[in-house]
Amino acid sequence: MDTTTPPAATTTGRGRRAGYHGWRIVAAFAVTQTIGYGCLYYPFAVLLQPIATDLHTGPAAVTGALTTAILAWAAAAIPVGRWLDRHGGRALMTLGSATGALLLVAWSRVEALWQLYAVFAALGGAMAMALYDAATAVIVAWFDTDRRPRAVLAMIVVAGFASTIFMPLTGLLEHRHGWRTTLLVLAALYAAIAVPLHAAVVRAPASPVGHTARPSVAQRTAAVRAARRDGRFWWLTLAFVAHSAAMSTMTVHLVGFLVGRGHPATFAATAAGLLGVLSVTGRLLLTGARRRMPLAAVVAAVFGVQAVAAAALPFIAGSRAGAAAGVIAFGIGFGVASLASPALLADRYGTIAYATIAGTLSTPVTLAKAGAPLAAAGLTTLTGYPGTLYAIAAACALAAVGILARAATPPP
């Protein structure tokens, strides 16, 4: 079990002191999540074609490896959550980052497609142990309701630049040294930074927020059972599943849609790149707006704007100004779920079993993220891109309804 802080550090105003250890954990996660996504997740898109060429197969077959990793990530969500609730994040995240670094080395050595799939199946488990979901659960345990959104935001705003930093770096390394050496460099970088930071900085608080002692297994089990019996929880699950499906589909198909409307590929790629920048903007706006309005109302409004933007794109995307306006309106909500989900869950169900409850929600959300683009590809074949955009709009509208449904009911 992780080393805990002294009892004196546990207060209801947790996170107020400048020297509070929780802020050191946030700073460490800002670094390890940036490097983690930059080394474990984003290189795949850059190295896809060289790997396919070297393995004498097609990009579609190689892409299936990433789908395998996402499925493994989803399968690991609940077991990882249970461990985090019981033992904290130090051992799990240190092991996850060390395993991730070793799997990058293994990835660099694959000679056949089945080996690539085997490596990625294990890599999905390592990412579940070391990346955003685990880090968020640790932060939730350290901070009270007032400070928690700012702590999570500090981590994800910095980590949001992972693709901006590491995709060009990966491309440069691949161009100069080849994809195998690139992966070895990334493995060394990740091992040298993430492993010692997780081992040295991450620890469990003496007790979850609002409690004077660590809860028993029976208390955690009761909290999870109460959440799963709460109708509000399943409406939230529906909302975030629908929104995840919409976000992943737009990410994959936006460039193709814009090119199909006659825009140059460079403009289409630039417009799609705005989604990452706008995700940071949307998170900052959400943090400010929730001080004046109920969080559920703010999130539902953002999802509603996204529904309107997606439905409008087939009509306004013929011009560059129209396409940019539609993408900007949609992009404001692109990163909102990653900030809203922990706040909504922790505010309603508390923190003693947060990671297990969040893992229960994360499993279908991750499956939707993996499967929706493939389903959308089939829909596009049948109806063209407008049909896909209308489906995205419907999913965002459903997400808005789910966020508001039973929001006024008392927590279990």
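Along the sequence shown, residues are numbered consecutively beginning with 1.
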Has [X] got a side-chain atom pairing as donor or acceptor with [Y]'s backbone, closer than 3.5 angstrom?
X      : Y      : answer
Arg283 : Val336 : no
Arg290 : Leu295 : no
Thr351 : Tyr354 : no
Thr94  : Ala91  : no
Ser108 : Val105 : yes
His263 : Ala317 : yes
Ser338 : Gly335 : yes
Gln115 : Glu111 : yes
Arg292 : Gly288 : yes
Ser244 : Val365 : yes

Inset, instruction - Validate the cation-pi geometry between Arg348 and Phe233: distance from NZ or CZ to the six-membered ring centre under 6.0 Å, angle to the ring axis within 45°. - result: no
Inset, instruction - Check the pair Thr383 / Tyr390 against side-chain contact (heavy atoms from CB on, under 4.5 Å), numbers first and verdict last. - result: CA-CA 10 Å; Thr383 66; Tyr390 297 147; over 6 Å; no
For a 4.5 angstrom cut-off between non-hydrogen side-chain atoms, does [X] reach [Y]?
X      : Y      : value
Arg320 : Pro264 : yes
Leu344 : Ile403 : yes
Leu184 : Leu104 : no
Tyr42  : Val46  : no
Thr380 : Phe257 : no
Phe161 : Thr34  : no
Tyr349 : Pro411 : no
Val80  : Asp133 : no

Looking only at side chains, do [X] and [Y] share a donor and an acceptor under 3.5 Å apart?
X      : Y      : result
Thr182 : Arg176 : no
Thr360 : Arg228 : yes
Thr32  : His198 : yes

Inset, instruction - Hey, can you tell me if Tyr37 and Tyr41 have their rings parallel, tilted or perpendicular (30° and 60° cut-offs)? - result: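 Plane angle over 60°, so perpendicular.
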Legend entry - Geometric class of the Trp142/His21 ring pair [parallel <30°, tilted 30-60°, perpendicular >60°]: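 Ring orientation, 0 to 90° scale: tilted.
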Contact summary for [X] and [Y], nearest pair of heavy atoms:
X      : Y      : value
Val26  : Ala151 : CG1-O, 3.6 Å
Pro364 : Thr237 : CG-CG2, 3.9 Å
Leu404 : Ala300 : CG-CB, 3.5 Å
Ala159 : Gln33  : CB-CB, 3.9 Å
Ala128 : Ala134 : O-CB, 3.9 Å
Val327 : Ala271 : CG1-O, 3.4 Å

Legend entry - Member of Val138, Ile156, Leu197, Val201 meeting the side chain to side chain contact (heavy atoms under 4.5 Å, CB included) criterion with Phe29: Val138
Legend entry - The single option from Val31, Ile139, Ile25 passing side chain to side chain contact (heavy atoms under 4.5 Å, CB included) against Met155: Ile139
Which distance, rounded to the nearest 0.5 Å, do you find between the [atom1] of [X] and the [atom2] of [Y]?
X      : Y      : atom1 : atom2 : answer
Leu103 : Trp107 : CG    : CH2   : 10.5 Å
Leu398 : His243 : CG    : NE2   : 11.5 Å
Met129 : Leu92  : CE    : CG    : 4.5 Å
Leu84  : Thr356 : CG    : OG1   : 8.0 Å
Arg82  : His87  : CZ    : NE2   : 12.0 Å
Thr170 : Leu186 : OG1   : CG    : 5.0 Å

Inset, instruction - Start with the C-alpha gap between Leu173 and Thr181, add the side-chain angles, then the distance that decides, and say whether side-chain contact (heavy atoms from CB on, under 4.5 Å) holds. - result: CA-CA 8 Å; Leu173 289 171; Thr181 300; over 6 Å; no
Inset, instruction - Assess whether atom CH2 of Trp179 is packed by more than 12 heavy atoms of other residues, nucleotides or ligands within 6.0 Å. - result: yes
Legend entry - Trp234 atom CH2, over 12 foreign heavy atoms within 6.0 Å: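 Atom CH2 in Trp234 is packed in, count exceeds 12.
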Legend entry - Met247 and Lys369: CA distance, side-chain angles, deciding distance, side-chain contact (heavy atoms from CB on, under 4.5 Å) verdict: CA-CA 8 Å; Met247 297 307 99; Lys369 179 179 179 181; over 6 Å; no
Inset, instruction - Please test Trp235 against Phe240 for ring pair (Phe, Tyr, Trp, His ring centres under 6.0 Å), starting from the C-alpha separation and ending with a verdict. - result: CA-CA 9 Å; Trp235 277 108; Phe240 287 117; over 10 Å; no
Inset, instruction - Please lay out, stage by stage, how Leu238 and Val401 fare under the test side-chain contact (heavy atoms from CB on, under 4.5 Å). - result: CA-CA 9 Å; Leu238 176 64; Val401 171; over 6 Å; no
